[in-house]
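First the structure, in the form of structure tokens, and then the observations on it.
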Amino acid sequence: MTLSEVRSVGVIFDINEDNIIDTIKRFTEYLDNRSIKFQALAVNYTKSLFPEGFVDFRIKIINRASFNSIGAPIDDAVTEFANQNHDLYIDLSSQYNFTYDYISRLSNASFKVGRCGYDNNPFDLVLASDPEAGSKHFIDSVIHYLSSIRSA
């Protein structure tokens with residue numbers, strides 16, 4: 001899928017990752033400038049609570065209480081997010097995580113991009129990057145590669 005074809009983007013990320021808030025703000029500005037709809041799930045495994053709209057009103061924050069004992073989501077917000085027909089879905093997790101994998105598999109997105117490659121992953125494209133490089137580098141790579149693709 002080329003970036004010029006994308007009309008909606010769904011993103012999942014760990015709200016506690018270093019510099020993630022700046023990365024998401026920058027990415028939403030990029031999308032807003034191109035009139036691309038944005039929606040995200042921010043996963044918070046810590047006891048710290050973040051108020052709704054903390055980052056952006058289009059981001060739903062799901063906390064520890066939103067998962068069962070094995071990490072499967074039990075919050076309706078996850079199902080609603082996954083049922084959206086996003087053109088592009090981006091998983092920002094830098095390493096395998098059952099919850100992220102579960103949500104990625106639930107997603108009805110047309111094209112899925114992941115940061116972490118593993119056996120039988122649900123992604124159409126994996127842009128493996130050094131976890132030390134951070135989410136900003138990964139998002140820059142997604143924009144670069146999807147902008148470089150030319151449809152036949």
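Numbers for residues simply follow the sequence, beginning at 1. Side chains included, hydrogens not; waters and symmetry mates left out as well; all remaining heavy atoms used.
Here Ile21 contributes atom CD1 and Phe13 contributes atom CZ; the two are 5.5 Å apart, rounded to the nearest 0.5 Å. Distance check: Asp91 CG to Leu41 CG gives 10.5 Å after rounding to the nearest 0.5 Å. We find the CG-CD1 distance between Leu127 and Ile139 to be 10.0 Å, quoted to the nearest 0.5 Å. The CG atom of Asn120 lies 5.0 Å from the CZ atom of Arg105; values are rounded to the nearest 0.5 Å. A distance of 13.0 Å separates CG of Asp32 from NZ of Lys25, quoted to the nearest 0.5 Å. Distance CG/Asp75 to CD1/Ile62: 6.5 Å, rounded to 0.5 Å.
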Original post:
Can you list the steps and then say if Ser8 with Gln84 is a side chain to side chain contact (heavy atoms under 4.5 Å, CB included)?
Top reply: CA-CA 9 Å; Ser8 65; Gln84 297 294 314; over 6 Å; no

Original post:
How far apart are the C-alpha atoms of Asp14 and Ile20, what are their side-chain angles, what is the distance that settles it, and do they pass the side chain to side chain contact (heavy atoms under 4.5 Å, CB included) test?
Top reply: CA-CA 8 Å; Asp14 179 346; Ile20 194 69; over 6 Å; no

**OP:** Step by step, work out the side chain to side chain contact (heavy atoms under 4.5 Å, CB included) result for Phe27 and Val9.
**Re:** CA-CA 11 Å; Phe27 188 50; Val9 175; 4.1 Å; yes

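At distances below 3.5 Å, at least one donor-acceptor pair connects side-chain atoms of Asp87 with backbone N or O atoms of Arg7. Of the possible donor and acceptor atoms, none in the side chain of Thr2 sits under 3.5 Å from a partner among the backbone N and O of Ile149.
Residues satisfying the ring pair (Phe, Tyr, Trp, His ring centres under 6.0 Å) criterion with Tyr102, sequence neighbours excluded, are Phe98. Residues passing the ring pair (Phe, Tyr, Trp, His ring centres under 6.0 Å) test with Phe67 are Tyr45, sequence neighbours excluded. Partners of His137 under the side chain to side chain contact (heavy atoms under 4.5 Å, CB included) rule, at least two apart in sequence or in another chain, are Ser129, Ala133, Ser141. In this view, Phe138 satisfies the ring pair (Phe, Tyr, Trp, His ring centres under 6.0 Å) rule with no residue, not counting sequence neighbours. Here Asp140 pairs with Arg26, Lys136 under the salt bridge (Lys or Arg N to Asp or Glu O under 4.0 Å) rule; sequence neighbours left out.
Applying the ring pair (Phe, Tyr, Trp, His ring centres under 6.0 Å) test to pairs two or more places apart or on separate chains, those with a residue in residues 72-95 are Phe81-His86.
With Ile103 as the partner, the side chain to side chain contact (heavy atoms under 4.5 Å, CB included) test is satisfied by one option alone out of Pro122, Pro73, Ser93: Pro73.
Counting heavy atoms of neighbouring residues, nucleotides and ligands inside a 6.0 Å radius, atom OH of Tyr145 does not exceed 12 of them. More than 12 heavy-atom neighbours from other residues, nucleotides or ligands sit within 6.0 angstrom of CG on Asn68.
The nearest pair of heavy atoms linking Phe123 to Cys116 is CE1-O, 3.8 Å. Residues Lys60 and Ala77 come closest through the heavy atom pair CE-CB, 3.5 Å. Summarising the geometry of Ser135 relative to Arg115, their closest heavy-atom pair is N-NH2, 3.5 Å, with the distance given to 0.1 Å. Taking each heavy atom of Ser147 and Tyr30 in turn, the nearest pair found is OG-OH, 4.2 Å.
Ile24 has its side chain within reach of Leu92: a pair of non-hydrogen atoms, C-beta onward, lies under 4.5 Å apart. Residues Leu88 and Leu146 form a side-chain contact, since some pair of their non-hydrogen atoms from C-beta on lies under 4.5 Å apart.
Asp101 and Asn121 share no side-chain donor-acceptor pair at under 3.5 Å.
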